[in-house]
Amino acid sequence: MSLIRVSRGLTRRQFFQVSGFAGLSFFLGGCGAPLFEDLVGKVSEPLNQKVEALLFNPQKLVPEFLPSEVEPEGLIVNTFRNTPVIDEQKYRLIVDGEVDNPLSLSMADVRALSSTSMIIRHVCVEGWAAIVQWGGVRLRDVVALAQPRANVRYVYFKSADGYYSSWDIASGLHPQTLLAYQKNGEPLPVDNGAPLRLASPVKLGYKQSKWVTQITLVSHLSLFKGYWEDQGYEWFAGL
């Protein structure tokens, strides 16, 4: 299971990049939603989502950087509150929501899944960036184990420090979106999100939650879309 991607500039590849309903054949098949649910879903979507859907290619890989280009000290540690204390032996990753097979995975369970690595640029909305090698499992592999229902279009992430965010499902299923437990070939440091964090070349840094404890798959967004998003930050936040 391999992943790839990288952009060599800090400018965004597109002004908007797309969200949930583009390229969802992986899960949606040919199933249609009732008209009422469809209308409710459209009301809850971010206003730019239709435009983003036209621009985002949910399967297109981004070229990786070379190992020699990794910046070991480049990743700045930003904390939402305090760094949480997590006992890895007691840790469980919960995957729930509109799924037929809810999961409660230990780190041993996660590490037993097919692993991959990628060298990408992590881009922060504050204006800095760092080239990092991440290792872990594809989010799409974990989602597939939970057997999401056909109407799933979004994914929420909850962290041990209370942070939360939501993504379009297409970005979540992108081949280069990882649940990472390694950084630069070493175990992921606690300050960088251990035991498990999001890492992806298709989202800005504030979408890449650290210390992830819960993944919830849903058909509609709630009024609360994310800690920073609820304060006016762009919801899609694509690169």
Rounded to the nearest 0.5 Å, what's the gap from [atom1] on [X] to [atom2] on [Y]? Could you check?
X: Leu105; Y: Leu179; atom1: CG; atom2: CG; answer: 9.5 Å
X: Lys210; Y: Gln208; atom1: NZ; atom2: CD; answer: 11.0 Å
X: Lys158; Y: Tyr164; atom1: NZ; atom2: OH; answer: 11.5 Å
X: Arg140; Y: Leu145; atom1: CZ; atom2: CG; answer: 12.5 Å
X: Leu217; Y: Asp96; atom1: CG; atom2: CG; answer: 8.0 Å

Could you tell me if the side chain of [Y] sits less than 4.5 Å from the side chain of [X], heavy atoms only?
X: Leu93; Y: Gln214; value: no
X: Glu69; Y: Ile119; value: no
X: Leu173; Y: Val143; value: yes
X: Ser117; Y: Gln182; value: no
X: Phe65; Y: Val70; value: no

(request) Would you check if there is a donor-acceptor pair between the side chains of Tyr156 and Ser222 at a distance under 3.5 Å? (result)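 Per modelled atom types, Ser222 and Tyr156 side chains form a pair under 3.5 Å.
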(message) Can you confirm whether the side chains of Trp167 and Ser200 place a donor and an acceptor under 3.5 Å from each other?
(response)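 No, no side-chain donor-acceptor pair sits under 3.5 Å.
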Minimum heavy-atom separation for [X] to [Y], with atom names?
X: Ile215; Y: Leu139; result: CD1-CD1, 3.8 Å
X: Ile94; Y: Ser104; result: CD1-OG, 3.6 Å
X: Ser166; Y: Lys207; result: O-NZ, 2.6 Å
X: Gly97; Y: Thr216; result: CA-CG2, 3.8 Å
X: Leu196; Y: Met107; result: CD1-CE, 4.2 Å
X: Ala146; Y: Val99; result: O-CB, 3.2 Å

Say whether, by atom type as modelled, one donor and one acceptor occur between the side chain of [X] and the main chain of [Y] under 3.5 angstrom.
X: Gln231; Y: Tyr227; answer: yes
X: Trp211; Y: Val190; answer: yes
X: Asn184; Y: Gln133; answer: yes
X: Glu71; Y: Ile131; answer: yes
X: Ser106; Y: Asp109; answer: yes

(request) With Ser219 as reference, evaluate Glu98, Arg149, Arg153 under the side-chain hydrogen bond (donor to acceptor under 3.5 Å, both in side chains) test and give the passing residue. (result) Glu98
(message) Ring of Tyr181, cation from Arg111 - is the NZ or CZ under 6.0 Å from the centre and inside 45° of the axis?
(response)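 Yes; both conditions hold, so Arg111 lies above the ring face of Tyr181.
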(message) Under 6.0 Å from the ring centre and within 45 degrees of the ring axis: does the NZ or CZ of Lys183 meet both conditions for the six-membered ring of Trp134?
(response)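 Verdict for Trp134: no cation-pi partner in Lys183.
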(message) Looking at Gln89, I'd like to know if its CD atom is crowded, meaning that more than 12 non-hydrogen atoms belonging to other residues, nucleotides or ligands lie closer than 6.0 Å.
(response)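 Result for CD/Gln89: open.
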(request) Assess whether atom CG of Asp87 is packed by more than 12 heavy atoms of other residues, nucleotides or ligands within 6.0 Å. (result) yes
(message) Are Leu188 and Ile76 linked, directly or through intermediate hydrophobic residues, by side-chain heavy-atom contacts shorter than 4.5 Å (ILVMFWY only)?
(response) yes
(message) Looking only at the aromatic ring of each residue, does the gap between the centers of His122 and Trp128 stay below 6.0 angstrom?
(response)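 That pair passes the under 6.0 Å test.
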(message) Ring centroids only, cut at 6.0 angstrom: are Tyr233 and Tyr206 within range, meaning strictly under it?
(response)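 That pair passes the under 6.0 Å test.
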(message) Could you go through Tyr163 and Trp228, starting from their C-alpha distance and side-chain angles, then the distance that decides it, and tell me whether this counts as side-chain contact (heavy atoms from CB on, under 4.5 Å)?
(response) CA-CA 9 Å; Tyr163 193 79; Trp228 289 113; 3.0 Å; yes
(message) Assess the residue pair Lys203 and Asp168 against the criterion (salt bridge (charged side-chain N to carboxylate O under 4.0 Å, His left out)); give the C-alpha distance rounded to whole Å, side-chain angles, the decisive distance to 0.1 Å, and a yes or no.
(response) CA-CA 11 Å; Lys203 295 291 186 188; Asp168 57 296; 3.0 Å; yes
(message) Under the criterion side-chain contact (heavy atoms from CB on, under 4.5 Å), I'd like the reasoning laid out for Met118 against Leu178: C-alpha separation, chi angles, the key distance, then a yes or no.
(response) CA-CA 9 Å; Met118 61 184 181; Leu178 294 188; 3.7 Å; yes
(request) Test side-chain contact (heavy atoms from CB on, under 4.5 Å) on Val95 and Asn101 and set out the steps. (result) CA-CA 9 Å; Val95 186; Asn101 184 40; over 6 Å; no
(request) Take Arg197 and Ser209 through the test side-chain contact (heavy atoms from CB on, under 4.5 Å) and record every step on the way to the result. (result) CA-CA 6 Å; Arg197 64 162 294 152; Ser209 302; over 6 Å; no
